[in-house]
Protein chains: 2
Amino acid sequence: MGRKAYFNNEEFINSAIKIIAEEGLGALTIAGLSTRVTAPVGSVYHRFPSRDALIAELWLNIIESFQGEWLKILQTDGLKAMLFCMEWVRNHPNEARVMLLYRIDDLTSGEWPENLKKRAQKLSGELQEGVAAFTKKQFGRATKENIDRTFYAIHDAPMGILRRYLQNNQMPPRYVADFILETYEAVMKKTK
Amino acid sequence: MGRKAYFNNEEFINSAIKIIAEEGLGALTIAGLSTRVTAPVGSVYHRFPSRDALIAELWLNIIESFQGEWLKILQTDGLKAMLFCMEWVRNHPNEARVMLLYRIDDLTSGEWPENLKKRAQKLSGELQEGVAAFTKKQFGRATKENIDRTFYAIHDAPMGILRRYLQNNQMPPRYVADFILETYEAVMKKTK
DNA sequence: GACATAATAGAATATCTATTCCAATACTCT
DNA sequence: AGAGTATTGGAATAGATATTCTATTATGTC
């Protein structure tokens, strides 16, 4: 039933990620994306209702991929979760640039399709829960301050420094791991 | 000689900062800015050669203001410099949002006017020097790793967590100071 | 092989907003 | 007062690009 597809969603998503990572969000035009994939614009709109939806989709893909692994590791080991941030950035430079250098609020403007909203909510919920659970395990009680403390140690601080390298189109040096490790140990001591 | 000005550059700059901080970069249109200031668009273009130039100008104003004080403090005390980040964000919420949530590369697209380029270069140079000098004072030698370490402790880590609150339109709680303080002490011990 | 349909093709359209441009004003200086 | 000019005022223009729309082309089914 119907013609066979030459292209597939992933091609468009991945090319779009590359464009944003390499040339910035402004460089992501539907015409440009089509050219890059050697597809007609119609084939983009055949798959994605709008540019915003395409961007939301790629954003969710990235976050789901990162956060899924990260939370799994976090269930057993905070230290590893923190170091995983660094490895992930090194292994997914394009995705990392999109995730760290842009905020979703600025990537898209209009309303999101319902199904994407759901995915976003799910991600947000899982994040909250995962970090809260780890905080409780670590400190006994998951107060707001303790949760913030945890989030700082395993996410904000590592991502803060990694962002700087990505901004300058550099690969984070290995020794960055020392910094965030020392932070983790200092900030996550028990009995806080 | 000539008509007296109703408006002044600062009005436009400050309103533009507010617009970006409150509604995002995309909401900053020349027509919208004019409306907000109750000025005609001609008066914007009378002062700024282009939207990009206006944005570059407001960006430089913010960075100069922040970095100037910050580096001065850094000359004498790293701990205070780090805490200053936090106070500055609390005291300049709009400017902080622009500085922390956007990167200048994405704010503007075209070439900058020559004079703005100069200002940007000056800022960049002063930053390098200031941090290198402090690193040398702290660790004896300003190796690349030590400079990165310093930068992490007094800038990346604090800004990393502050960014998260700004993203959620929240004021960073006071206890954030504890986190970054503990980080500083752990990461900046001598003899590294 | 004809039909139904999924997908490609890409030209035409619609929209948004930066920028231009030309008057109209109000101020200073002589 | 008149000349010269900086500035306001805002309508008109231009350019970019997201989106629509109407073929056209394959593919599976009967």
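All values derive from a computational prediction rather than experimental measurement. Order of the sequence lines sets the chain letters (A, B, ...), proteins ahead of strands, with each chain counted from 1.
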Whole-Å gap separating [atom2] ([N]) and [atom1] ([X]):
X       : N      : atom1 : atom2 : answer
B:Leu33 : C:dC16 : CG    : P     : 19 Å
B:Asn8  : D:dA6  : CG    : C1'   : 15 Å
A:His46 : C:dT5  : NE2   : C1'   : 10 Å
B:Ile55 : C:dT19 : CD1   : P     : 9 Å
A:Lys4  : C:dT8  : NZ    : P     : 13 Å
A:Asp52 : D:dT17 : CG    : C1'   : 13 Å
A:Phe12 : D:dA18 : CZ    : C1'   : 16 Å
A:Phe48 : D:dT20 : CZ    : C1'   : 18 Å

Looking only at the side chain of [X] (C-beta and beyond, no hydrogens), which of the listed nucleotides [options] gets closest?
X       : options               : value
B:Tyr6  : C:dA9, D:dA6, D:dG9   : D:dG9
A:Pro40 : C:dA6, C:dA9, C:dT20  : C:dA9
B:Ile30 : C:dT19, D:dA18, D:dG9 : C:dT19
A:Tyr45 : C:dA24, C:dA9, D:dT20 : D:dT20
A:Ser50 : D:dA6, C:dT8, D:dT19  : D:dT19
A:Phe7  : C:dA26, C:dA11, C:dT8 : C:dT8
A:Arg51 : C:dG10, D:dT19, C:dA7 : D:dT19

Quick one: is [N] close enough that its OP1 or OP2 comes under 4.0 Å of any side-chain N or O from [X]?
X       : N      : result
B:Arg47 : D:dT8  : yes
B:Thr29 : C:dT17 : no
A:Arg3  : D:dT25 : no

Side chains of B:Lys189 and B:Tyr184: do they bring a donor and an acceptor to under 3.5 Å?
-> no
Just checking, any donor-acceptor pair under 3.5 angstrom between side chains of B:Arg164 and A:Tyr152?
-> no
DNA chain D nearest-nucleotide lookup for B:Ala39 and B:Gly2: closer to the 5′ end is B:Gly2
Toward the 5' end of DNA chain D, which comes first, A:Gly42 or A:Ala31, by nearest nucleotide?
-> A:Ala31
Can you establish whether the number of heavy atoms outside B:Gln170 located under 6.0 Å from its atom CD is more than 12?
-> yes
Does atom NZ of A:Lys118 have more than 12 heavy-atom neighbours, drawn from other residues, nucleotides or ligands, at distances under 6.0 Å?
-> no
Would you say the side-chain atoms of A:Arg163 pair up with the backbone N or O of A:Leu100, donor to acceptor, closer than 3.5 Å?
-> yes
